[in-house]
Amino acid sequence: MIERTKMRTAVHFVLFLLLGATLPGCGGCSGSPAPSADSLAGLMRERGLSDDDVIAALKTYTPTGKHDTHYLMASGGHSGQLIVIGVPSMRILKYVGVFTPEPWQGYGFDDDTAKLLRDGSPPDKLLTWGDVHHPALSETKGDYDGEFVFVNDKANARIAVISLKDFNTVQIVRSGLLRSDHGGTFATPDTDYVVESGQYPVPLDNKYVPLDQSKYNETYRGAAIFWKFNRERGRIVPEESFAIELPPYMQDIADAGKFASDGWFFLNSFNTERAIGGDSEGRPPLESGASQNDMDYLHVIDWRKAEQVAKKGQTQTIGGMRLIPLKTAIAEGLLYFIPEPKSPHGVDVTPDGKDICVSGKLDTHVTVYSFEKIKQRIESKQFDGNDPYGVPILSFKDTIRGQVQVGLGPLHTQFDGAGHAYTSLFIESKVARWSLQDLKALDSIPVHFNVGHICVAGGDTAHPDGRYLVSMNKWSIDRFASVGPLLPQNFQLIDVTADKMRLLYDMPIGLGEPHYAQMISADKIKPLEFYSPVGINQVTHRADPNATTDEKKARVERHGDAVDVYMTAIRSHFVPDTIRVKQGDTVHVHLTSLEQTRDATHGFALNHYNVNLSLEPGKTANVTFVADKAGVFPIYCSEFCSALHLEMAGYLLVEPRAK
Ligand code: CUK
Ligand code: CUA
């Protein structure tokens, strides 16, 4: 590869001497050119690059027209989006609108996607942001199948379903049970369920209860919701979903068992002290109140049994959700606790499902539990007492396989296909590699800075690809040109194929704070090239009932005060291009793109009425607005679709209502 580049450079240089042509990067220089400026060695010298830098560049550089081997599905944090990134180039491929309107995609502007945002909001308040933490790719037999991604909104306790047919959101669900979620989203090995658990305990019926210690202990609760996913319909089915009531500890993130531990679910918690904060009321701040105990509780949940208990109707309905009460969960043997050190964060099940790895934020170890031992203790009912709510506690030392000393501030663990585990070290700003078999630390690499999650390709599945690791760093400090006090996060791409991990690339993320990501091999994803036949609805992926599939059928229909405009778009005109209505009319525009050419997207921007639609080839989009202001309002195509794109325009004429 290097040889070929050198050769090409030499050829260019000969041409330069013969023809007097200007070399790229040499514009404007005259007289005696620096002969090495465009040679590899010259470039390295000029730019101060080491051999390692050049190797890293060659491992990530992706020439035009060549595609990445992996997709990184990264949470978009506060942007309420999913960020799709190509690996190893780290080029951004799409921001998928999920909890936040996204004007380019028309997301949240057309009727169908506006309804998604409304369905995901409380009846009296339209939510227009989300705090996305954990994307989960749908799985079949514990491996990503490339069909769906689920994401959570920690701030508002919601889950969204994104279809990878077109990388669009198709559903947002919200229970009336939780007020925040962090333990979402985690898919069971065949995506029977997508799990969401709450973080900050609340009264589950959502009533006002004063915040004092005894009321907190008695009436505040956590819960884990098992949302039933119907793959054929591509939708979560709330009526078939159920939840389990949990004590008021702060449940954190989670993972589903597989193979050896199939049917079980593992959920971390912190603040088993049940501190309630109140630093201005004479109590310790939450952070110190919640860090008193040496151990918190790993929650071990038998979800298959819970499914049966819910089916038998041993539930009460709160906030529209079937809830298995804590007492029932204990009596039926659905819930067990195991102590875990100290202020735990990540819990990650190994590819074979045999071990469960837990990291304590204030510990220096990863603790590896053996599911075999957990199961034995549960089956023989060997418990070390109960928590204050009666949940049986298993012995820490009898259920662990061992501990690995990895460094300061371990958070999250992922796996490769070669028997290694990788753990992020927040305090040390490092990623550690260790051996799963003998629990020995092997290697570590500095990252910049304050790593949260890490993501290995397929790193939480039954068959990880390994190869690449992305370190999702919270701070970037000095890594990029400054944009003022609010700095981007830093995704660092790391090659994990060799004995020493190698840093390849820094990618600033300047839109929200991502948390987790999952990386899937590109050959598992088969997106549509365009919607076909014309007239497909983006949310249902079916023929839209209001589609106009032929320009000759474009028309305007009036029904009382409602006006339906059946409109078509094709390069480079709308039919009809003039819409005449009366002030006060409710206008429904049903716009179909007749295009069947890849990438020939049109837009529909309407002045004053806050409308923009995206019309990918073959798509039908519907929008409704009340023409309450009389006047002349230009309409134009908001995608540069053709040479006559600027001419793709028209008018909405709103005639004043007679006084
Ligand atoms: S959390 Cu952010 S670094 Cu929300 Cu999974 Cu650990
Ligand atoms: Cu159609 Cu621009």
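Atoms within a ligand are numbered from 1 in the order they appear, just like the ligands themselves. If you're wondering where the values come from, they're calculated on a predicted model, not measured in any experiment.
- Distances under 2.8 Å from atom 4 (Cu) of ligand 1 pick out the protein N/O/S atoms His133 ND1, His182 NE2.
- Electrostatic pairing of Asp363 and Lys342 does not count as a salt bridge here, judged by no charged N lying under 4.0 Å from a carboxylate O.
- A donor atom on one side chain and an acceptor atom on the other are found under 3.5 Å apart for His602 and Glu595.
- Less than 2.8 Å away from atom 1 (Cu) of ligand 2, the protein contributes these N/O/S atoms: His602 ND1, Cys637 SG, Cys641 SG, Met648 SD.
- Taking Asp564 as the reference, nothing meets the salt bridge (Lys or Arg N to Asp or Glu O under 4.0 Å) condition, with sequence neighbours excluded.
- Other residues, nucleotides and ligands contribute more than 12 heavy atoms inside 6.0 Å of the CD atom of Gln292.
- Taking the ring centre of Tyr422 as origin, the terminal cationic atom of Arg433 falls outside the region bounded by 6.0 Å and 45° from the ring axis.
- For ligand 1, the atoms lying closer than 4.0 Å to a non-hydrogen atom of Lys474 are 2 (Cu), 3 (S).
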Thr413/Val366 under side chain to side chain contact (heavy atoms under 4.5 Å, CB included): CA gap, chis, key distance, verdict: CA-CA 9 Å; Thr413 297; Val366 175; 4.3 Å; yes

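- Within the cation-pi definition used here (under 6.0 Å to the ring centroid, within 45° of the axis), Lys619 does not qualify as a partner of Phe530.
- Side-chain atoms of Asp111 and Thr624 form a donor-acceptor pair, as typed in the model, at a separation below 3.5 Å.
- When heavy-atom distances to ligand 1 are checked against a 4.0 Å cut-off, His345 comes that close only through its side chain, counted from C-beta outward.
- In this structure, the salt bridge (Lys or Arg N to Asp or Glu O under 4.0 Å) partners of Glu513, at least two apart in sequence or on a different chain, are Lys474.
- Only one option out of Gln489, His133, His134, Lys154 pairs with His515 in a side-chain hydrogen bond (donor to acceptor under 3.5 Å, both in side chains); it is His133.
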